[in-house]
Amino acid sequence: MKVVLLAGGYGTRISEESRFKPKPMIEIGEKPIIWHIMKEYSYYGFNEFIICAGYKQHYIKRWFADYFLHNSDVTFDFSSGKNDMTIHNQHCEPWKVTVIDTGLNTMTGGRIKRIQPYVGNEAFMMTYGDAVCDVDISALLEYHKSHDKIATLTSVILKQDKGVLDIGGDNAVKSFREKNLSDGAQINAGYMVLEPEVFSYIDGDDTVFEKDSLMRLVRDGQLMSYSHKGFWQCMDTKREMDMLEKMWRKKTAPWKKWTD
């Protein structure tokens, strides 16, 4: 089963980094966050990826073009007047990566629509290229197969980061307590499984998948939620990037299930 990764947006909320490169290529532990996401899927045996690129898409293509060379032991032999290169050992994952330029200003739904020829008439997985998660992807896939609907998304509880106030009608604070998990709201965390019929819910480049396509799926009773109680974190801000970097550096990154 193919994995589609959305990686074409501008990443304006983390412009300190994204002005130089696409947000999915911002590094955590000296590797782009999209690499971490791909390693998650690869851990569960999914090694074929389609990347929906857009903003600075050449950066993504160049990184993958160099990936094999940078992860290999190489001899460069110029002694005969030629540039002979011998690969001794390579340490790459068994990945097949297709990078598609889905347009600079294309909306999320439009990006998915554009890669339809590369997916074909089969189910596929899809997620965003800027968030890591420790969801059990095998269990997610089994859940999707169990309900016979077009789409499954992974939902997580977005926890509040402030204390909770109970305020009366006279604006007096009646009680105060620290946040807990029940104060959060379920949000779309990505990590979706989609049947090919989903393409009929996308009109074109201007379709916002989350606002248009998913809402139409809801109205048709074709969207299910796989509730994930574990770790999920997007990387929208420099603070969140630093937090993920700190987890990785301390070897406490919850999303890292693979061994080096």
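Along the sequence shown, residues are numbered consecutively beginning with 1.
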Pair K39, E93 - check side chain to side chain contact (heavy atoms under 4.5 Å, CB included), show working. CA-CA 9 Å; K39 290 286 282 187; E93 296 80 3; 3.1 Å; yes

What's the spacing between [X] [atom1] and [Y] [atom2] if we round to 0.5 Å?
| X | Y | atom1 | atom2 | result |
| --- | --- | --- | --- | --- |
| D212 | L217 | CG | CG | 11.0 Å |
| K21 | Y59 | NZ | OH | 3.5 Å |
| C52 | D101 | SG | CG | 10.5 Å |
| M25 | I60 | CE | CD1 | 6.0 Å |
| M224 | S155 | CE | OG | 10.5 Å |
| N71 | N89 | CG | CG | 12.0 Å |

In one Ile/Leu/Val/Met/Phe/Trp/Tyr side-chain cluster, 4.5 Å: [X], [Y]:
| X | Y | value |
| --- | --- | --- |
| L5 | L244 | yes |
| V97 | L69 | no |
| V4 | L194 | yes |
| W63 | M235 | yes |
| L153 | V135 | no |

Run the salt-bridge test on [X] and [Y] with the 4.0 Å N-O cut-off and return the result as yes or no.
| X | Y | answer |
| --- | --- | --- |
| R249 | D242 | no |
| R62 | D66 | no |
| K23 | D236 | yes |
| E40 | K256 | no |

Kindly determine whether Q90 and F68 satisfy side chain to side chain contact (heavy atoms under 4.5 Å, CB included), including the steps that lead there. CA-CA 7 Å; Q90 63 87 16; F68 183 86; 3.7 Å; yes

Which word best sums up how the rings of H147 and Y143 line up, parallel for under 30°, tilted for 30 to 60°, or perpendicular for over 60°?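 Taking Y143 first and then H147, their aromatic rings stand perpendicular (interplane angle over 60°).
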
Beyond-backbone contact of [X] with [Y], side-chain heavy atoms, under 4.5 angstrom:
| X | Y | value |
| --- | --- | --- |
| F231 | M247 | yes |
| H144 | Y226 | no |
| S72 | H91 | no |
| P196 | E122 | no |
| L140 | V193 | yes |
| T237 | E240 | yes |
| H88 | V74 | no |
| F209 | L214 | yes |

Below 3.5 Å, can you tabulate the donor-acceptor pairs from side chains in residues 43-51 to any protein atom, sequence neighbours excluded?
from	atom 1	to	atom 2	distance (Å)
Y44	OH	K257	NZ	2.5
N47	OD1	S42	OG	2.5

What is the minimum heavy-atom distance between [X] and [Y], and which atoms define it?
| X | Y | answer |
| --- | --- | --- |
| I202 | G109 | CG2-O, 3.1 Å |
| G8 | R111 | O-NH2, 3.1 Å |
| I37 | D130 | CD1-N, 3.9 Å |
| E210 | M215 | O-CG, 4.1 Å |
| P22 | A7 | CB-O, 4.5 Å |
| D205 | R114 | OD2-NH2, 2.6 Å |

Partners meeting salt bridge (charged side-chain N to carboxylate O under 4.0 Å, His left out) with D134 (sequence neighbours left out):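 Listed in chain order: nothing, the list is empty.
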
Please step through side chain to side chain contact (heavy atoms under 4.5 Å, CB included) for the pair L6 and M126, ending with a clear verdict. CA-CA 8 Å; L6 290 179; M126 189 279 287; 3.9 Å; yes

Could you list the donor-acceptor pairs under 3.5 angstrom formed between side-chain atoms of residues 27-36 and any protein atom two or more places apart in sequence or on another chain?
from	atom 1	to	atom 2	distance (Å)
W35	NE1	Y67	OH	2.9
H36	ND1	W255	NE1	3.2
H36	NE2	I28	O	2.7

No-hydrogen, no-angle side-chain donor-acceptor test under 3.5 Å, T86 and T75: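 T86 vs T75: no donor-acceptor pair found between side chains.
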
Under the side chain to side chain contact (heavy atoms under 4.5 Å, CB included) rule, what do M125 and M192 come out as? Steps first, then yes or no, please. CA-CA 6 Å; M125 289 182 280; M192 302 182 192; over 6 Å; no

Backbone N/O of [Y] and side chain of [X]: donor-acceptor pair under 3.5 Å:
| X | Y | value |
| --- | --- | --- |
| Q222 | I150 | yes |
| E195 | E197 | no |
| T102 | A53 | yes |
| S213 | Y201 | yes |

Under the ring pair (Phe, Tyr, Trp, His ring centres under 6.0 Å) test against Y191, which residue among W232, Y41, Y128 passes?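 Of W232, Y41, Y128, ring pair (Phe, Tyr, Trp, His ring centres under 6.0 Å) with Y191 is met by Y41 alone.
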
Working for side-chain hydrogen bond (donor to acceptor under 3.5 Å, both in side chains), residues K96 and T98: CA-CA 7 Å; K96 180 179 179 181; T98 303; 5.8 Å; no

Under 6.0 Å from the CG atom of N121, do we count more than 12 heavy atoms belonging to anything else shown?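 No.
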
Does atom CG of D220 have more than 12 heavy-atom neighbours, drawn from other residues, nucleotides or ligands, at distances under 6.0 Å?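 Check passes, neighbour count above 12.
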
